[in-house]
Amino acid sequence: MGSSLYFVYHNHDFYDRSIAEVIEAEVDETTEMEDMNGNKDTLYAQQIVARLKNGDRKGEEIQLDNEYSNSGAYDQPYHSGDELFVTIDKNHSGSEPLSGHIEEVKRDKYLMIMAWVFILLLLIVGKKQGLYSLITLVVNAGILSYALDVYLESNDVSLLAVCSIGVILFTVISLLMVNGLNEKTYAAVVATLIATFTTLLISIFVVSNTAGNGLRYEEMQFLTRPYEMVFMAGILIGCLGAVMDVAITLSSSMFSLYEKDPSISIKALTKSGFDIGKDIMGTMTNILFFVYISGAIPMLILYFKNASPLGFTVTMNLSLETARALTGGIGIVLTIPIAIYVSIFFVNRKRAAQ
């Protein structure tokens, strides 16, 4: 941990781009603005003096200009100690101070700190299971990255097919590694895959029979690949997490009931499973809805602040998120009976083996 943090604080020479640390930052101009809709904002012009941390001019000072606003849509103020990626002006003469332009902030040290906070909390709370969860997270991220690379490098590969293979691998690796090789895990794996792909088939059927009416794909307009396929792949990956959570919760609960009372009847086991499913169904559906909708809040505020009609704003910004949330909700509801009956199948098989 300490070595990784030390590295990100002293890794400037490993970057090809020039990095400068802010040593002085002063605002020399302020402008008040108001648009036709009554939205007020303040623009600031900031003069920055920074010291280069790498490259041939390491140690030299560079002067930078920065403009930012209170709204901070595409800009931000900089302060002493901030590290910035910069470009150095090539037409600079030896008699003039070094000048350049700001590209972006160097954020790797903040990301490393957050990553270690996440890892430590995961290990403290989850202990051995937390470690396995961390390993599966890294493995799954690698699988997803490889799947996307395969898709981008070949025009003949279907993104939906690639993601389907990825979903199978995600499910098997995640559940087997975290929960071990046992009937409970097998039931969760089977239930997750059945529910996830059933949800996908329902989504494809609905979208194809409605010609995608009501779905606004404007946010995907710069894609050079079929955006309907990208949207479906997103639905497949998006609903997997919620479906997997419900499946393992139900299978664990039902096997726990069976292990406490091996003579429990199938009717009582089924009733208990549905009672548990009803308890988690509402919360999981709401969580999924909030996760998808929360990402659209900045754009909703921007549209409303610029006097856009409610219907137009919601249609433009929430059509895809709402579709994803509804699809995920369908997946959660479908998972409950599927996980219950799959778990009962494995319970009966375990009974027969004893």
Side-chain angles (χ1 to χ4, degrees), residues 140 143-144 147-148 151 158-176 185-217 220 226-254 273-274 276-296 318-346:
N140 288 340
I143 292 172
L144 180 59
L148 292 177
Y151 172 68
S158 168
L159 178 60
L160 202 54
V162 171
C163 288
S164 296
I165 296 172
V167 162
I168 296 172
L169 294 176
F170 297 155
T171 303
V172 173
I173 292 172
S174 299
L175 293 177
L176 290 182
T185 305
Y186 303 151
V189 169
V190 173
T192 298
L193 294 178
I194 293 174
T196 300
F197 285 106
T198 301
T199 304
L200 175 65
L201 292 175
I202 293 173
S203 302
I204 293 174
F205 175 79
V206 172
V207 172
S208 62
N209 281 274
T210 59
N213 291 332
L215 296 177
R216 304 299 296 264
Y217 294 106
M220 302 182 185
Y227 42 79
E228 296 92 345
M229 190 66 69
V230 175
F231 176 64
M232 285 300 169
I235 283 180
L236 178 63
I237 299 293
C239 73
L240 175 64
V243 168
M244 191 187 302
D245 191 10
V246 173
I248 191 62
T249 299
L250 284 169
S251 64
S252 296
S253 300
M254 296 186 69
F274 276 105
I276 296 169
K278 291 174 185 176
D279 289 338
I280 65 176
M281 181 173 60
T283 54
M284 286 300 299
T285 304
N286 279 299
I287 289 171
L288 205 61
F289 175 79
F290 290 133
V291 167
Y292 281 124
I293 300 303
S294 61
L318 294 183
S319 66
L320 298 184
E321 282 73 11
T322 302
R324 292 185 183 111
L326 290 174
T327 305
I330 292 172
I332 290 170
V333 175
L334 283 175
T335 306
I336 294 172
I338 291 173
I340 289 171
Y341 291 116
V342 170
S343 298
I344 288 174
F345 170 81
F346 280 95

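Counting only distance, with no hydrogens or angles, the side chain of Thr283 and the backbone of Ile280 share a donor-acceptor pair below 3.5 Å.
Thr192 and Val243 get closest at one heavy-atom pair: O-CG1, 3.7 Å. Of all heavy-atom pairs between Leu250 and Gly277, the closest is CD2-N, 3.8 Å. Considering every non-hydrogen atom in both Ala147 and Val162, the closest pair reads CB-CG1, 3.2 Å. Minimum interatomic distance between Val246 and Met284 (heavy atoms only, all atoms of both residues): CG2-CG, 4.1 Å. The nearest pair of heavy atoms linking Leu334 to Ile202 is CD1-CD1, 3.7 Å. Taking both residues in full, the closest heavy atoms of Leu175 and Thr185 are given as O-CG2, 3.4 Å, listed atom of the first, atom of the second, then distance.
Side-chain contact between Leu236 and Ser164 is present, with at least one heavy-atom pair separated by less than 4.5 Å. Contact of the Leu176 side chain with the Tyr186 side chain is registered, since non-hydrogen atoms from C-beta on lie closer than 4.5 Å. Considering only heavy atoms from C-beta on, Leu200 stays 4.5 Å or farther from Thr327 through its side chain. Inter-residue side-chain proximity for Ile143 and Ile173 is flagged as met; some heavy-atom pair is nearer than 4.5 Å.
Interatomic distance, OG1 of Thr198 versus CD1 of Ile330, reported as 11.5 Å (0.5 Å rounding). Atom-to-atom distance recorded for Asp279:CG and Ile336:CD1 is 9.5 Å, nearest 0.5 angstrom. Of the inter-residue distances, the one linking Asn140 atom CG with Thr171 atom OG1 reads 8.5 Å to the nearest 0.5 angstrom. From Thr335, atom OG1 reaches atom CD1 of Ile340 across 10.5 Å, with rounding to the nearest 0.5 Å. Of the inter-residue distances, the one linking Ser343 atom OG with Ile338 atom CD1 reads 11.5 Å to the nearest 0.5 angstrom. The distance from the CD1 atom of Ile235 to the CG atom of Leu240 is 13.5 Å, given to the nearest 0.5 Å.
Classified by interplanar angle (parallel below 30°, tilted 30° to 60°, perpendicular above 60°), the ring pair Phe274/Tyr341 is perpendicular.
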